[in-house]
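In the text below, chain A, chain B and the rest are named by the order of the sequence lines, each starting its count at 1.
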Amino acid sequence: MGILGGIMKKKLDIPYIILFLIVSMGAVIMFIPYLWMVLSSLKGNHEILSGATNIFPQKITFEGYKTVLNDAPFIRWLINSLISSTLITLATLFTSALAGYIFAKFKFRGQKLSFILILATMMVPFQVIMIPRYLIVSDLGLINNLFALIVPNLISGFGIFLAKQFIEAIPNDLIEAARIDGAGEFRTFWSLILPQIKPALSAVGIFTFMAAWNDYLWPLIVLNDLNKMTVPLALVFFNGQHLVNYNVVMSAGVLIMIPVVIVFLVFQRQFIKGMTMTGMK
Amino acid sequence: MSSIPESTGTKTAIEIKGGKKRTQTQIKVQNRFIFFSLTPIMIVFIVFSAIPIVWGLVLSFYQYNPLQEHSPFIGLRNYMDLLKDDVFIKSFWNTFKFVIIAVPANIAITLMIAIGVNRIRNNMFRNLFRTIYFLPCIAPLAGSAVVWSTMFNKDTGLFNVLLNFLHMPGVDWLTDPSLAMYSVIAMTLWADMGFNIVLFMAGLDSIPKMFYEAAELDGANPWKRFWNITVPLLSRTTLFVTIMTCLAYFQMFPQFQILTNGEPQNETRVLALNIYDHAFTYMNMGYASAIASVLFVIILIITIIQLKLGKSQWEY
Amino acid sequence: MKNLKVIWVVFLMLLLTLSACSNSESTSGSSDGKVNLTWWSHDGPTFVKANKKFIKDYEAANPNVKINLQIYPYDAFVQKLKAAYASKNPPDMAQVFGSWVPEYTKNDLLSPVPDEMKDWVKSGFYEPALGAYTHDEVPYGIPQEYNIENGGVLANPDMFKNAGLDYPKTWDELITDAQKLTVTQNGKIQVKGFDFVNYDNITFTFLSLILQQKGEYWTKDNQVNFSTPEAVKAMDELKKFVTDYKVTNLRDFGGKLDTSDLFFKNKAAMVIRGPWSIAEGKENYQFEKLDYIPMPSFTENPPYFAAESGWGEIVAKSSKHQEEAWKFIKYMTEKENAKYFNITTFTVPANKEAAQDPEFLKALPKMKASIDVLPYGMFIGIIDTDFLKKTINDNFQLIAADKVSVEDGLKKIETTINQMLNK
């Protein structure tokens, strides 16, 4: 109603209508793979084996979903992903803020060097550190363990950088005042600094969580057990087992997407804000 | 254009560091705080980031296979072997081909979409469109690749079914050597345009409306307005987006492994996949490290060039 | 400051609990007096079925043993196993493919077959099957399968009937039949007459064509030689299937489906593939209307072929329960169980007694083509066959697409492989 009303009032703004149609068409195209995924997930095993080329299922069945829920530790995958991503995110938020605070507001020997070092590692492609990191993790006996996903990701160069930028903007008088009031260093950090940089932290948090949730290459290397796999890895693994009956994999895909989409829609505003902020920096 | 002052902070920080007098105990307390906070962080950082980088570079001078007891030092031999390795050379060029096509395509398309969506006057629709365009970004790339691999299927995949419906012959999306790379690029663009669209939209929002209004009064046509206002005022966002996209695309891995695994005729074998195969299929980690080091140098050079170009543009 | 320490400690504890949680299930060892054996295998449905039955029966007879079977898709399994051994955390037992084994024996990572079983293993199993499991004359594993990708061809009887054709007896008949069975529409092959273009069979067909000309591809100093006239002729013939006879193409190579999948989807009339594929077709496609016919020889000579050592069992040297592991393996590989295994998985027995037992062919009459050619098999040689196949596949694609000549392609294969062998 609103949009049409708007157009009517402007006496049929033709270029605008064309623009609107083009943008809508693009949006529909973006949406097609999801539609395909849902439709394929509702096809029956038999229909797929017959090699039929219909896009819409001839008969809606939930065979695929049944197979996923019966044959695969599906809930386990979600929990694994949730545990590792949440822990990584919490840890990263804390370490980023703390290190950012120290790099921004204190002076000590080796400060510049350590900060530059942290920044420099952001530039190194993951493939370079992947192999030695794997060897270190296996020396620590962490192969095939969720721990192996979490520990190396407890800190983030990007997070530290962003937090430092924001904390530098906090006036020093404020910190001094807190100190004069007798607050300990950690108190100052916890109750003065942290609240001030919430927007930056929400950006870091969102990015860290997404990166952890979607990571594929590192879990592929360090996890073996079906029970320990995270969602992206499990999906691909599952795909190998059900090459022929791809309705099964599509069902798994749908089940995985549902929680992600819900979370995204709930946090959408913060999400977009966070993204925008990092782009600015 | 950003809401955070960037350089004011450092100045005052120096003042505090140098200017105010501190008691010995205060300094001690602070030092202890620094020590206790930073040590665990630096340990994790050194063990899992700094050491691996150095180790990775060192490893490339060894013939290293973790199953073997002894790893002989072989100097530059891994690098010499690279020059004779057809598959490496092919994957080297494939990586460039992918980046050179996919990054500009990504930038051009996302900028267009961002401008388009930004013009939508109704707030609800604008947000809806932004959400839809962003949606693929939140799905795991590996999962999206699995979905696309079924859409690319020669017989039952969506694309060929649609082509057949239009009475056109099906296409070998993933097994035709001249086409496979473009299929992977198409999938990649779908999967991660959203980030750049959101970034560009934010950049566009920050351009003051009055510039456009003034230009319109001067009678500048939309094309001119785009080139004279949007492009220069968006250059900062564009530089950021380009660098980040380049960095990411040089390292792209999941869709290559899942959609084609480097086939046909190694046309879609990129360096990232080559590194993975040598390291974890043939367990020749020294050789894989040599390839990784090459990738590192490439990325470093490209990033430096971009930063240099960006700087000169700003000064202008 | 105290708070900071508390936070670090909480972090550490959280992580430790988590790691303890995720470790608790898979620790191998003996709890409550039971011996826990970890056993890895790939996820072929028929293999899993047979393995699970062995576990069930064995656990029932030996209540003190608990066997934990973990399965992986083939591609992942290759890497997982290497990674597990590299990180010194291997499973007690693994059902591996023979050609992977030399790298482990070379680095002294495997437990040798116990002395009391050695003679039985050496005399009771076919040599090509045992080849890769043997290091310095000592067997380090027991094969369960005589891996054979040659000898037999999946043939679709309906397609032959509709074309009014009999099964081919000679090489020339194979080609003419294949051409007649090929269905082409708008210049695109809809049904392939004869297909070998998959990850394994390009290499195995190539090697068998060399051997059938009485050619050789190994030199005395353990290098490969593909510059021989036999190799050139063999590769040229393979190329002709694509470029001249036009009975197959490269359109499906690198796709997700195997040549046997094409066969079961009625998109190929004849496909050379190991007999295991018959079982997979039955499992995945409920496809049973097929014949498994003998592959004619390229020459007047018998149908010689190269075989890599197939599936078999190994035990890690670092395992705490080597003795129990070998006991279980012996249980699986003795005649009756071996026969059950091979019948279930539709593989050729490595155990001679099982292969020669008439009951075997009675249970699996389709296996006749494979059993008949066993005497002509030769061990492929100690080499990373994954790398060998990858190299041959890469270059075969270029040769068949007319991007390089047969001679240049073979030269490339030879130098690439020798470079790897010298490492």
J.: How close do Ala272(B) and Gln127(A) get, counting heavy atoms only, and between which atoms?
T.: CB-NE2, 3.2 Å
J.: Please classify the contact of Leu162(B) with chain A as side chain, backbone, both or neither, using a heavy-atom distance under 4.5 Å.
T.: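 When you check distances to chain A, only side chain atoms of Leu162(B) fall under 4.5 Å.
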J.: By a 4.5 Å heavy-atom criterion (distance strictly below it), what part of Val28(A) contacts chain B: side chain, backbone, both, or neither?
T.: neither
J.: If I measure from the heavy atoms of chain B, does Ile32(A) come under 4.5 Å with its side chain, its backbone, both, or neither?
T.: side chain
J.: Does the side chain of Pro152(A) reach to within under 4.5 Å of the side chain of Val137(A), using non-hydrogen atoms?
T.: yes
J.: Using non-hydrogen atoms only, which part of Asn127(B) is less than 4.5 Å away from chain A: side chain, backbone, both, or neither?
T.: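 Just its backbone gets close to chain A.
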J.: Enumerate donor-acceptor pairs with a distance under 3.5 Å from any side-chain N or O in residues 33-56 of chain B to protein atoms, sequence neighbours excluded.
T.:
| residue | atom | partner | partner atom | Å |
| --- | --- | --- | --- | --- |
| Ser37(B) | OG | Phe33(B) | O | 2.6 |
| Thr39(B) | OG1 | Phe35(B) | O | 2.4 |

J.: Taking every heavy-atom pair that is under 4.5 Å apart, which of Met130(A), Met37(A), Met250(A) has the most such pairs with chain B?
T.: Met250(A)
J.: Please state whether the side chain, the backbone, both or neither of Met193(B) comes within less than 4.5 Å of a heavy atom of chain A.
T.: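 For Met193(B), side-chain heavy atoms alone lie under 4.5 Å from chain A.
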J.: Below 4.5 Å from any heavy atom of chain A, which atoms of Phe296(B) appear? Answer side chain, backbone, both or neither.
T.: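 Both backbone and side chain.
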J.: For each of Pro125(A), Ala99(A), Gly253(A), Ser114(A), tally heavy-atom pairs with chain B at distances under 4.5 Å, and name the one with the top tally.
T.: Pro125(A)
J.: Side chain, backbone, both or neither: which part of Ile102(A) has a heavy atom under 4.5 Å from chain B?
T.: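 The answer is the side chain of Ile102(A).
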J.: So do the side chains of Val270(B) and Gln255(B) get within less than 4.5 Å of each other, counting heavy atoms only?
T.: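 The answer is no, as the side chains (C-beta and beyond) never meet within the 4.5 Å cut-off.
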J.: Cation over ring, Lys164(A) on Phe115(A), under 6.0 Å and within 45°?
T.: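 Output yes; distance and angle both within limits.
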J.: If I measure from the heavy atoms of chain B, does Ser24(A) come under 4.5 Å with its side chain, its backbone, both, or neither?
T.: both
J.: A cation-pi test, strictly: NZ or CZ of Arg121(B) under 6.0 Å from the centre of the six-membered ring of Tyr16(A) and no more than 45 degrees from its axis. Yes or no?
T.: yes
J.: Would you mind checking which part of Phe126(A) comes under 4.5 Å of any heavy atom in chain B, side chain (CB onward), backbone (N, CA, C, O), both or neither?
T.: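 Both parts, backbone and side chain.
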J.: If we only count heavy atoms from C-beta on, is the Phe256(B) to Asn261(B) side-chain gap below 4.5 Å?
T.: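 Phe256(B) does not reach Asn261(B) side chain to side chain.
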J.: Under a 4.5 Å heavy-atom cut-off, does chain B meet the side chain of Leu233(A), its backbone, both or neither?
T.: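 Neither part.
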J.: For chain B, find which of Thr95(A), Ile55(A), Val261(A), Ile118(A) contributes the most heavy-atom pairs closer than 4.5 angstrom.
T.: Ile118(A)
J.: Quick one: sort the Phe20(A) and Phe125(B) rings into parallel, tilted or perpendicular, breaks at 30° and 60°.
T.: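 Geometry flag for Phe125(B) against Phe20(A): perpendicular rings.
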J.: Assign the ring pair Tyr276(B) / Phe253(B) to parallel, tilted or perpendicular, where the plane angle (0 to 90°) is split at 30° and 60°.
T.: tilted
J.: Heavy-atom pairs under 4.5 Å with chain B are the metric here; pick the option from Tyr34(A), Phe108(A), Trp213(A) that has the most.
T.: Tyr34(A)
J.: Please determine, among Leu135(B), Leu59(B), Asp155(B), the option with the most heavy-atom pairs under 4.5 Å with chain A.
T.: Leu135(B)
J.: Against chain B, work out which of Ala252(A), Ser40(A), Ala91(A), Pro33(A) has the most heavy-atom pairs shorter than 4.5 Å and name it.
T.: Pro33(A)
J.: What is the ring orientation for Phe195(B) with Phe134(B), classed by angle as parallel under 30°, tilted 30 to 60°, or perpendicular over 60°?
T.: perpendicular
J.: Tell me, out of Val161(B), Asn153(B), Leu158(B), Leu57(B), who's got the most heavy-atom pairs with chain A below 4.5 Å.
T.: Leu158(B)
J.: Counting heavy-atom pairs under 4.5 Å to chain B, which of Leu98(A), Asn153(A), Ile22(A), Leu235(A) comes out on top?
T.: Leu98(A)
J.: Yes or no on ring-ring contact (aromatic ring centres under 6.0 Å, His included) for Tyr287(B) and Tyr64(B), after CA distance, side-chain angles and deciding distance?
T.: CA-CA 8 Å; Tyr287(B) 195 63; Tyr64(B) 184 79; over 10 Å; no
J.: Pairs of donor and acceptor atoms involving the side chains of residues 136-150 of chain B, under 3.5 Å and at least two apart or interchain, shall be tabulated with distances.
T.:
| residue | atom | partner | partner atom | Å |
| --- | --- | --- | --- | --- |
| Ser144(B) | OG | Pro140(B) | O | 3.4 |
| Ser149(B) | OG | Val146(B) | O | 2.7 |
| Thr150(B) | OG1 | Trp36(A) | NE1 | 2.9 |
| Thr150(B) | OG1 | Val147(B) | O | 2.7 |

J.: Where does Ile221(A) contact chain B at under 4.5 Å (heavy atoms): side chain, backbone, both or neither?
T.: side chain
